[in-house]
Amino acid sequence: MKFFINKENLLFAIQSVQRAVSQKSPLPILTGIKFSCEEDKLVLSATDFEISVRCAVPATVEESGSLVIPARYITEFARRLPDSIIEFEAGPDSTMAVIRYGDSEFNINGYDASEFPSFVIPEEEFSFKLDADLFKEIIKQVTFAVSTEESRPVFTGVFFEIVAGRLTIVATDTFRLALRHTAINEETPELINVIVPGKTLNELARTADPKSIVEVIIGKTHAAFITGEIQIIARLIPGKFPSYRQVIPNQFISEIKIPLKDFLESAERVALLAGENNLLVSLYIRENHVVLNMRSETGWIREEIKSEVNGDKLEISFNVRYLCDVLRSINYEQLVVRFTGPLTPALIIPEDNKDYLSILVPARLSRE
Amino acid sequence: MKRVILLADMNSFFASCHQAIQPELQNKEVVVAGDPQKRTGIVLAASYPAKALGIKTGMALWEARLLCPHGHFFKPDYSLYMDFSSRILGIIRDFTDLVEPFSIDEAFADLTGVRNLWGPPEDIAGALKERIRSEVGVFCSVGMGPNKLIAKMAAGLQKPNGLTILKTVDDFKRVFWPLPVRKLFGIGPRYEKHLRKYNIHTTGELANFPLDILKKRWGKNGEMLWLCANGMDYSPVVPGSLDVAKSIGQQRTLPRDLRGFREIQVVILELCEMVARRVRQGGYVGRTVSLTLRDTQLNFLSRSQSMAGHTNLADDIYLTACKLLQAHWNDSRPVRLVGIALGNLIKNGPIQPDIFGRQERRLSLALACDAIRDRFGEKAITRGISLTEVSINGRQR
């Protein structure tokens with residue numbers, strides 16, 4: 001293996017695959033990044049078996065070949081390289097990589113690439129394409145609700161449901177739920193539903209070029225996301241996602257129309273007062289305004305927001321972090337919040353758009 | 001104005017309570033120890049005649065029996081001790097409202113504001129001791145000083161039935177500076193060893209050691225120790241500081257050693273049930289789970305982890321405890337003692353129900369079980385797992 005590459009391309013490729021590198025694997029080779037070069041490309045790949053990422057960048061290849069290099073060293077090393085052409089070389093039977101830059105060289109021991117798990121795009125059951133900027137937006141709108149609790153794996157993923165030309169993605173950690181619909185052009189088979197790990201989607205949203213197109217390939221056990229030179233493969237989460245339709249409320253006692261900007265700014269100021277043991281913000285729904293209130297050992301805060309109110313007066317409490325999470329993840333000017341009661345879920349939707357909704361369950365005090 | 005702080009420390013408290021209700025045991029060898037059948041046979045308290053025979057707190061029960069075959073041995077009776085404790089606090093509160101219970105058998109009182117009412121501090125201390133002796137029937141050692149630290153250390157100087165007054169910080173220095181540093185509040189055997197490396201052997205040497213070196217080595221704790229050695233303590237006497245629980249826990253020494261996660265998890269689940277029930281009874285919710293384990297070599301492990309939200313349900317505590325167990329304990333290590341505690345408690349704190357109604361269903365189930373236990377006793381309803389052989393509840397049936 002022998003190739004030449006500039007620092008910018010090298011660093012881009014490393015940073016694209018880096019998050020898939022296994023942090024603590026019993027297989028040492030998985031803590032490495034596979035470098036392979038052929039024709040005019042350098043292809044990097046990394047995997048921890050849950051997620052695999054592969055990225056191709058242009059390089060001048062003199063001799064094709066491949067080698068696995070420990071990620072920890074090569075990442076830090078690449079960052080510190082001079083801004084010049086860098087040469088990589090490894091003999092056909094050697095696992096030692098020689099990296100030359102200027103008049104200097106760095107030699108590092110790697111692993112035999114033939115032992116590295118192969119990167120296989122799953123056999124397609126169904127695939128579709130979406131603009132990357134749209135894909136990023138819809139992911140952001142739901143992934144805040146993904147659970148980090150590993151003991152119930154289905155909630156650590158995002159549910160993809162494709163039926164009749166429409167993609168619906170849903171995430172919930174059971175305390176809040178976010179849902180987004182998008183039309184897709186492809187002809188859709190009967191019904192597809194899978195659960196994609198939230199981490200994969202966040203990684204995709206981080207690396208995808210907004211001007212590109214994302215191709216999503218759904219297989220039986222894995223899904224692949226291809227955008228530009230980056231390919232991500234994720235193991236689908238087995239299990240049954242709860243029937244989310246049943247929990248979307250449809251009977252309400254009151255409703256407010258409120259500008260997102262005002263609501264978010266108020267909520268974020270209130271959140272400053274929150275502590276580990278004090279996270280509840282009280283909302284008082286009055287005739288033509290909403291009051292946000294929080295009291296803690298530090299002090300207390302009262303925020304009043306003008307809004308159109310229909311229905312009963314109401315007093316309801318939420319975890320202020322949950323409220324901020326949902327408001328930060330969306331970008332609609334005017335919101336409608338519908339309430340079903342002081343202790344039952346509330347629905348947040350954009351005023352003039354039926355593609356998005358989120359549900360927030362109020363908190364209460366233990367003796368109520 | 002200089003403060004006048006008093007600490008009353010009951011002598012051999014548990015043993016004294018038994019002597020108080022059975023006066024014929026006065027001046028006899030009385031030992032309070034755990035249950036030998038359940039291997040918790042460790043001496044918790046001993047009367048002074050028993051101590052004179054060499055019996056010490058923490059000693060194994062069989063050892064105590066060898067030293068003192070004619071002694072009167074009692075199992076601990078915590079409701080008796082609680083009753084005595086609250087009667088004693090009531091007496092101290094007749095002198096001042098600034099009373100802070102420090103443990104079941106110790107309390108601080110701030111007498112600064114009541115000196116003109118009751119006379120000089122030594123008279124108050126004498127009157128207090130006499131009332132506790134005559135009305136409750138136990139002896140106590142009293143220490144007095146310008147702050148809590150000095151009061152506490154003074155009380156330890158003379159036992160039993162002592163009264164020591166260190167009026168000023170200079171009195172403290174005169175008495176304690178020549179004494180080994182180990183006698184200082186907050187210094188255990190480990191600190192003693194560390195300090196020896198710095199050639200610090202007495203409290204005076206610690207007090208005169210450069211503060212910045214102590215701070216660099218031990219941070220906040222270093223500064224704390226230095227302040228203690230200099231007799232400085234600015235903390236106020238806070239009445240009712242024990243009224244609000246900080247954590248609620250349960251621990252058990254097991255009748256036989258358990259091996260393997262499956263067996264240990266049964267006991268953990270049962271302890272979680274007990275803890276959760278007490279948390280609900282107190283109207284609390286908590287967020288931090290602590291797991292304590294001890295193996296047959298008496299090696300301790302204590303780890304804690306906070307959950308995302310507050311809870312008062314056994315399942316949530318159990319799930320976190322199991323994570324701690326799997327992360328920190330070797331499956332093949334035998335376990336002799338298991339403890340579970342829920343901390344970061346808030347009274348009437350927040351509960352976050354979930355969209356699918358699971359949390360609410362689990363809470364109503366727990367409340368229904370509570371109601372059954374309130375009416376028919378703690379064992380009227382148990383988990384199926386308590387019928388298995390490793391259960392700590394099943395055995396007591």
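When reading the values below, keep in mind they use all heavy atoms of this one structure, side chains included, and skip hydrogens, waters and symmetry mates. Per chain, numbering begins at 1; letters A, B, ... match sequence-line order. All of these numbers come straight from a predicted model, not from anything done at the bench.
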For [X], does the [atom1] atom sit with more than 12 other heavy atoms under 6.0 Å from it, leaving out its own atoms?
X	atom1	answer
A:Arg72	CZ	no
A:Asn331	CG	no
B:Arg259	CZ	no
A:Arg166	CZ	no
B:Met224	CE	no
B:Lys215	NZ	no

Measure [X] against the heavy atoms of chain B and call it side chain, backbone, both or neither at under 4.5 Å.
X	result
A:Arg321	neither
A:Tyr322	side chain
A:Leu177	both

Looking at every non-hydrogen atom in both residues, tell me the closest pair between [X] and [Y] and how far apart they are.
X	Y	result
B:Pro353	A:Pro362	CD-O, 3.1 Å
B:Gln352	A:Asn319	OE1-CB, 3.8 Å
A:Val247	B:Phe356	CG1-CD2, 3.7 Å

Once rounded to the nearest 0.5 Å, what's the spacing between atom [atom1] of [X] and atom [atom2] of [Y]?
X	Y	atom1	atom2	value
B:His310	A:Leu279	NE2	CG	7.5 Å
B:Thr320	A:Glu149	OG1	CD	7.0 Å
B:Asp354	A:Thr172	CG	OG1	8.0 Å
A:Thr344	B:Ile355	OG1	CD1	12.5 Å

Pick from A:Pro345, A:Ser243, A:Pro242 with the largest number of heavy-atom pairs that fall under 4.5 Å of chain B: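 Highest number of pairs under 4.5 Å: A:Pro242.
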